[in-house]
J.: 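One structure, as structure tokens, below. Some questions next.
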Amino acid sequence: MSEFYKNGLNFECQRCSFCCGHSPGFVYLSKRDLLTLCKFFRLSVVEFVEKNCRWVDYYEGKTVLSLKEKKNYDCWLWENGCSAYEARPVQCSTYPFWSWMISDQKTWNECARDCPGMNKGKKWSYEEIIEQKKLYDENHPPVYIEEFDELCKEEIL
């Protein structure tokens with residue numbers, strides 16, 4: 001095991017909301033994320049997407065689903081805490097144990113300059129970190145615009 005986090009990493013959210021806003025960004029929604037949020041808010045897929053989402057450019061010329069942001073760039077779910085905490089997208093629930101963020105010590109420490117919860121608080125074990133990374137990696141891809149009609153049809157059935 002050569003990962004720099006073999007002895008674990010410390011992270012505890014400080015509720016600063018830096019990862020939830022302050023600058024433009026994207027919370028990409030997988031099918032799982034979308035359906036979980038629809039159920040949580042008791043909205044159909046169409047209603048939820050029309051009210052709370054936007055279509056954004058993605059890799060390889062694709063267009064994918066992302067949550068909307070407020071004018072100050074905060075996620076629309078942010079209200080001094082996540083208003084859908086129990087149903088929040090996997091991208092949010094696995095932060096900061098994303099594959100690219102834990103790829104090496106240098107990247108982790110660079111990210112920690114923006115996140116006051118990294119390297120503080122709870123000690124996450126190697127196994128917990130790997131589980132979070134796996135959840136993050138398996139939650140892709142986001143919903144492509146080409147899949148949206150089919151997703152709406154599935155909901156009706």
Side-chain angles (χ1 to χ4, degrees), residues 5 9 11-103 107-108 110-118 121-122 124 127-157:
Y5 51 88
L9 291 170
F11 170 72
E12 190 166 329
C13 181
Q14 304 296 302
R15 297 180 55 85
C16 72
S17 82
F18 186 83
C19 60
C20 301
H22 301 286
S23 58
F26 303 101
V27 176
Y28 300 114
L29 297 180
S30 68
K31 181 178 176 180
R32 174 230 172 259
D33 294 329
L34 176 59
L35 297 177
T36 300
L37 287 165
C38 289
K39 184 177 179 183
F40 181 82
F41 286 105
R42 295 185 177 108
L43 294 171
S44 72
V45 169
V46 171
E47 291 170 318
F48 184 84
V49 169
E50 285 178 356
K51 183 178 179 187
N52 306 307
C53 298
R54 59 190 170 141
W55 293 101
V56 299
D57 293 333
Y58 196 61
Y59 302 102
E60 301 169 358
K62 298 284 188 179
T63 301
V64 298
L65 197 60
S66 177
L67 289 177
K68 284 183 179 175
E69 295 175 324
K70 298 174 187 175
K71 288 182 181 175
N72 67 354
Y73 301 118
D74 284 355
C75 174
W76 78 270
L77 293 171
W78 183 258
E79 299 292 337
N80 293 321
C82 182
S83 62
Y85 188 82
E86 304 81 21
R88 70 195 186 283
V90 170
Q91 179 179 331
C92 305
S93 67
T94 58
Y95 181 87
F97 302 114
W98 301 346
S99 304
W100 69 270
M101 290 180 81
I102 61 171
S103 62
T107 303
W108 174 264
E110 286 172 358
C111 293
R113 284 187 281 214
D114 292 327
C115 176
M118 292 171 72
K122 176 189 172 187
W124 292 70
E127 293 76 19
E128 289 173 313
I129 294 165
I130 290 297
E131 180 61 26
Q132 293 300 300
K133 177 187 177 299
K134 181 180 177 200
L135 288 170
Y136 175 78
D137 289 344
E138 291 176 351
N139 196 51
H140 291 86
V143 173
Y144 293 109
I145 197 166
E146 297 86 1
E147 299 173 315
F148 187 66
D149 287 340
E150 196 61 38
L151 192 60
C152 294
K153 288 178 193 171
E154 286 178 23
E155 183 180 49
I156 294 169
L157 300 176

J.: Are any non-hydrogen side-chain atoms of W124 and K122 less than 4.5 angstrom apart?
T.: yes
J.: Tell me whether E69 contacts the main-chain N or O of G21 through its side chain, where contact means a donor paired with an acceptor under 3.5 Å.
T.: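 No.
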J.: For W76, check side chain to side chain contact (heavy atoms under 4.5 Å, CB included) against everything at least two apart and list the hits.
T.: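 If we apply the side chain to side chain contact (heavy atoms under 4.5 Å, CB included) test to W76, skipping adjacent residues, the hits are F41, F48, N52, L67, K68.
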J.: With no hydrogens and no angle check, is any side-chain donor or acceptor of S66 less than 3.5 Å from a backbone partner on V56?
T.: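 Flag not set: sc S66 to bb V56 has no pair under 3.5 Å.
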J.: For salt bridge (charged side-chain N to carboxylate O under 4.0 Å, His left out), just list the numbers for E79 and K70, CA-CA rounded to whole Å, side-chain angles, deciding distance to a tenth of an Å, and then say yes or no.
T.: CA-CA 11 Å; E79 299 292 337; K70 298 174 187 175; 3.0 Å; yes
J.: Do W108 and Y5 have ring centroids that are under 6.0 Å from one another?
T.: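 When the ring centroids of Y5 and W108 are compared, they turn out to be at least 6.0 Å apart.
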J.: Quick one: side chain to side chain contact (heavy atoms under 4.5 Å, CB included) partners of C13, sequence neighbours excluded?
T.: F11, R15
J.: From the options Y28, W98, Y95, W100, select the one residue that forms a ring-ring contact (aromatic ring centres under 6.0 Å, His included) with Y136.
T.: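 It is W98; the other options fail the test.
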J.: Rounded to the nearest 0.5 Å, what separates atom CD1 in I102 from atom CD1 in I129?
T.: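 Between I102 CD1 and I129 CD1, I get 6.5 Å after rounding to 0.5 Å.
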J.: Please, which pairs that meet salt bridge (charged side-chain N to carboxylate O under 4.0 Å, His left out) have at least one residue in residues 81-103, sequence neighbours excluded?
T.: none
J.: Using atom types as modelled and distance alone, determine if a side-chain donor or acceptor of S83 lies under 3.5 Å from a backbone N or O of L77.
T.: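 Checking the backbone N and O of L77 against the side chain of S83, a donor-acceptor pair under 3.5 Å is found.
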J.: Is it the case that the side chain of Q14 and the backbone of E12 share a donor-acceptor pair, with hydrogens and angles ignored and the cut-off at 3.5 Å?
T.: yes
J.: Using the rule side chain to side chain donor-acceptor pair (under 3.5 Å), only one of K134, K133, H140 pairs with D137; which is it?
T.: K133
J.: Decide side chain to side chain donor-acceptor pair (under 3.5 Å) for D33 and S30; before the verdict, give the C-alpha distance in whole Å, the side-chain angles of both, and the deciding distance to 0.1 Å.
T.: CA-CA 5 Å; D33 294 329; S30 68; 3.2 Å; yes
J.: Rounded at 0.5 Å granularity, tell me how far CD in E110 sits from CE in M101.
T.: 10.5 Å
J.: Any side-chain heavy-atom pair from D74 and C20 closer than 4.5 angstrom?
T.: no
J.: Can K31 and E147 be counted as an ion pair, charged N to O under 4.0 angstrom?
T.: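 The answer is no: the pair does not qualify as a salt bridge.
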J.: Just so I know, are the side chains of V64 and P141 near enough to count as touching, which here means a heavy-atom distance under 4.5 Å?
T.: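 No, side chains not in contact.
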J.: Measure from the side-chain N and O atoms of T94 to the backbone N and O of F97, and report whether any donor-acceptor pair falls under 3.5 Å.
T.: no
J.: Output yes when a side-chain donor or acceptor of Q91 lies under 3.5 Å from a complementary backbone atom of F26, and no otherwise.
T.: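 Pair found, side chain donor or acceptor close to backbone of F26.
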J.: Taking R32's backbone N and O only, do any of them form a donor-acceptor pair with T36's side chain (distance below 3.5 Å, no angle check)?
T.: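 Yes, the answer is positive, given that a donor and an acceptor are paired below the 3.5 Å cut-off.
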